[in-house]
2 protein chains.
Amino acid sequence: MTKYEKEIYDIISHSYSHLTAEQIYEILKKKFPNVVLATVYNNLNKLYKNDFIRKLSIEGMPDRYDRTERHDHIVCRDCGKLSDIKFEDLTDSIKRQFKNDFLSYDLKVFYICPECKKKRGME
Amino acid sequence: MTKYEKEIYDIISHSYSHLTAEQIYEILKKKFPNVVLATVYNNLNKLYKNDFIRKLSIEGMPDRYDRTERHDHIVCRDCGKLSDIKFEDLTDSIKRQFKNDFLSYDLKVFYICPECKKKRGME
DNA sequence: ACCTTTTTTAGAATGTTTCTAAAATTATTA
DNA sequence: TAATAATTTTAGAAACATTCTAAAAAAGGT
């Protein structure tokens, strides 16, 4: 792992906030003021390809990067707010159906977060 | 529902191929040569907000639109190819955990499709 | 030290999606 | 039905995220 790859990996694996490339870049700049956004993307892609990090695509927002430790997500359908949840582990069940022939899975539960419920006027 | 909203809804609900906005636009143009891509986006957003269609965000590809009928997806981690699968229904299970307070969920299973396996040289 | 490979940089380019303001259409009301 | 209001569509610009390209810098190997 190169310097930046390691740094970016550390940022993601110690964060619980599903950072965007831009946010990672901002964090990295504090320590390495000369680093460039393309470097962040390069290393994110490399880390993702090698399964060191997860990549989350939420409809209508930039991609977010996450630690690989098994957990699921709940997403507000109105504002896109993303939080961690831990739902039952489906690995074995999926393995059974696909005869081990899968890498990972991604479960997203959609809801309306309390703030957006207020906005919508549905208490 | 307006004319285009209805047309777009029909295209999506009769298709099993997870169309992009661009693809829907191309289909629509055959019947309405003057329609414009922004109209497609407007109506897709409206349909999505009102829960008439699903929206699928796959890492590194344009959003895709899908019928709401319950089913899941399997995605090739290398090329992004998307196919329908039907995994056990998790609705009740999630309902139990979230006390009915959720709208829907989205399960994506990642794998390497046969073509990409060949490319990678892993038969 | 020299050559090779990999990584980073800088900035342009690409692709998707949203935005804006005007025009067209549809619905409402008098 | 004419007048007005509200909604939808258009056209094109703009925004935003991400990738690409070529050169420079850094790291690795002999």
Side-chain angles (χ1 to χ4, degrees), chain A residues 1-12 15 17-50 52-66 75-82, chain B residues 1-12 15 17-50 52-66 75-82:
Chain A
M1 272 203 190
T2 68
K3 181 177 71 169
Y4 288 130
E5 199 180 351
K6 178 105 190 55
E7 289 285 339
I8 290 170
Y9 174 72
D10 284 348
I11 290 169
I12 293 167
S15 159
S17 53
H18 322 100
L19 302 164
T20 62
E22 187 67 40
Q23 291 171 323
I24 292 164
Y25 170 59
E26 292 303 330
I27 294 170
L28 208 56
K29 262 209 301 204
K30 287 180 192 152
K31 203 164 166 188
F32 306 93
N34 300 319
V35 77
V36 135
L37 187 55
T39 300
V40 175
Y41 276 106
N42 285 344
N43 284 296
L44 286 172
N45 287 336
K46 209 172 145 202
L47 286 164
Y48 175 63
K49 258 192 203 133
N50 296 320
F52 286 112
I53 58 174
R54 274 167 88 176
K55 190 175 187 171
L56 305 176
S57 299
I58 312 298
E59 19 290 295
M61 350 203 69
D63 287 345
R64 289 159 181 281
Y65 297 88
D66 201 359
V75 185
C76 176
R77 210 171 180 291
D78 276 12
C79 70
K81 194 173 76 141
L82 187 63
Chain B
M1 273 204 190
T2 67
K3 179 177 72 168
Y4 288 130
E5 199 181 352
K6 178 105 189 54
E7 289 285 340
I8 290 169
Y9 175 72
D10 284 347
I11 290 169
I12 293 167
S15 158
S17 53
H18 322 101
L19 301 164
T20 63
E22 185 68 40
Q23 291 172 324
I24 293 164
Y25 170 60
E26 292 303 330
I27 293 170
L28 207 55
K29 262 208 303 203
K30 288 181 192 152
K31 202 164 167 187
F32 305 94
N34 300 318
V35 76
V36 134
L37 187 54
T39 299
V40 175
Y41 276 106
N42 285 344
N43 285 297
L44 285 172
N45 287 337
K46 209 173 147 203
L47 287 164
Y48 175 63
K49 260 193 201 131
N50 296 320
F52 286 112
I53 57 173
R54 276 165 88 176
K55 190 175 185 172
L56 305 176
S57 299
I58 312 298
E59 21 288 294
M61 350 202 69
D63 287 346
R64 287 158 182 282
Y65 298 88
D66 202 358
V75 186
C76 176
R77 210 172 179 291
D78 276 12
C79 71
K81 194 174 75 142
L82 186 63

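Reminder, nothing fancy here: chain letters follow the sequence lines and each chain counts from 1. Keep in mind the model is a prediction, meaning the values are calculated, not measured. Below, each value reflects all heavy atoms present in this structure, side chains not excepted, and no hydrogens, waters or symmetry copies.
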J.: Residues in salt bridge (charged side-chain N to carboxylate O under 4.0 Å, His left out) with B:K49, at least two apart?
T.: none

J.: Given atom CD of A:E7 and atom P of C:dT7, what is their separation to the nearest angstrom?
T.: 16 Å

J.: When you check the phosphate oxygens OP1 and OP2 of D:dT8, does a side-chain N or O of B:K46 lie under 4.0 Å from one of them?
T.: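 Yes, because at least one side-chain N or O of B:K46 sits under 4.0 Å from OP1 or OP2 of D:dT8.
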
J.: Is the shortest side-chain N/O distance from A:N45 to OP1 or OP2 of D:dT19 below 4.0 Å?
T.: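 True: A:N45 side-chain N/O within range (under 4.0 Å) of D:dT19 OP1/OP2.
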
J.: Of the non-hydrogen atoms in A:K46 and A:E5, which two are nearest, and what is the gap between them?
T.: NZ-OE1, 2.8 Å

J.: If you look only at distance, which donor and acceptor atoms sit under 3.5 Å apart when one is on a side chain in residues 28-40 of chain B and the other is two or more places apart or in another chain?
T.:
from: B:K31; atom 1: NZ; to: B:E7; atom 2: OE1; distance (Å): 3.4
from: B:K31; atom 1: NZ; to: B:E7; atom 2: OE2; distance (Å): 3.1

J.: Write down the distance between CZ (B:F32) and C1' (D:dA11), rounded to a whole number of angstrom.
T.: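 Taking atom C1' of D:dA11 as the reference, CZ of B:F32 is at 19 Å.
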
J.: Applying side chain to side chain contact (heavy atoms under 4.5 Å, CB included), can you list everything that pairs with B:D78, at least two apart in sequence or on another chain?
T.: B:C76, B:I112, B:C116, B:R120

J.: What N/O pairs connect the protein and nucleotides 22-26 of chain D at under 3.5 Å? Give each pair on its own line.
T.:
none

J.: Taking only residues two or more places apart in sequence or in another chain, which ones pass salt bridge (charged side-chain N to carboxylate O under 4.0 Å, His left out) with B:R54?
T.: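 Scan of B:R54 (salt bridge (charged side-chain N to carboxylate O under 4.0 Å, His left out), adjacent residues dropped) gives B:D106.
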
J.: Which ones in residues 55-66 of chain B lie close to DNA chain C, meaning a heavy atom under 4.0 Å from one of its atoms?
T.: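 Contacts with DNA chain C under 4.0 Å: B:P62, B:D63.
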
J.: Of all residues at least two apart in sequence or in a different chain, which pass the side chain to side chain contact (heavy atoms under 4.5 Å, CB included) check with A:N42?
T.: none

J.: What distance separates B:L56 CG from B:L82 CG, expressed to the nearest 0.5 Å?
T.: 6.0 Å

J.: Between P on C:dG11 and CG on A:N34, what's the gap in Å once rounded to a whole number?
T.: 13 Å

J.: Any heavy-atom pair between the side chains of A:Q23 and A:Y65 that's under 4.5 Å?
T.: no

J.: Roughly how bent is the helix from C:dA1-D:dT30 to C:dA30-D:dT1 end to end, in steps of 10 degrees, with each end axis from five pairs?
T.: 30°

J.: Taking side chain to side chain donor-acceptor pair (under 3.5 Å) as the definition, give me every residue that meets it alongside A:R64, ordered by chain and number, with sequence neighbours left out.
T.: none

J.: To the nearest 0.5 angstrom, please state how far the CD1 atom of A:I27 sits from the CD1 atom of A:I11.
T.: 5.0 Å

J.: Minimum heavy-atom separation for A:H18 to A:D66, with atom names?
T.: CD2-OD2, 3.3 Å

J.: For the pair made of NZ in A:K3 and P in D:dA27, what is the distance, rounded to whole Å?
T.: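 Taking NZ of A:K3 and P of D:dA27, I get 7 Å after rounding.
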
J.: Of the non-hydrogen atoms in B:P62 and B:T20, which two are nearest, and what is the gap between them?
T.: CG-CG2, 4.0 Å

J.: Name the pairs: protein N/O against N/O of nucleotides 22-28 of chain C, kept only if under 3.5 Å.
T.:
none

J.: For B:S57 and B:D63, work out which heavy atoms get closest and say how close.
T.: OG-OD1, 3.3 Å

J.: To the nearest 0.5 Å, what is the distance between CD1 on B:I12 and NZ on B:K55?
T.: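 If I round to the nearest 0.5 Å, the distance is 11.0 Å.
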
J.: Grab the two heavy atoms, one from A:I53 and one from A:L44, that are nearest each other, plus how far apart they are.
T.: CD1-O, 3.7 Å

J.: In whole angstrom, what separates B:M1's CE from D:dT8's P?
T.: 12 Å

J.: In residues 35-43 of chain A, which residues come under 4.0 Å of DNA chain C by heavy atom?
T.: A:V35, A:V36, A:A38, A:T39, A:N42, A:N43

J.: Which residues in residues 17-30 of chain A have a heavy atom closer than 4.0 Å to any atom of DNA chain D?
T.: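 Nothing qualifies; none.
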
J.: At what distance, to the nearest 0.5 angstrom, does CD of A:E59 lie from CG of B:N45?
T.: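 With rounding to 0.5 Å, CD (A:E59) is 11.5 Å from CG (B:N45).
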
J.: Would you compute the distance between atom OH of B:Y25 and atom CG of B:L19 and round it to the nearest 0.5 angstrom?
T.: 15.5 Å

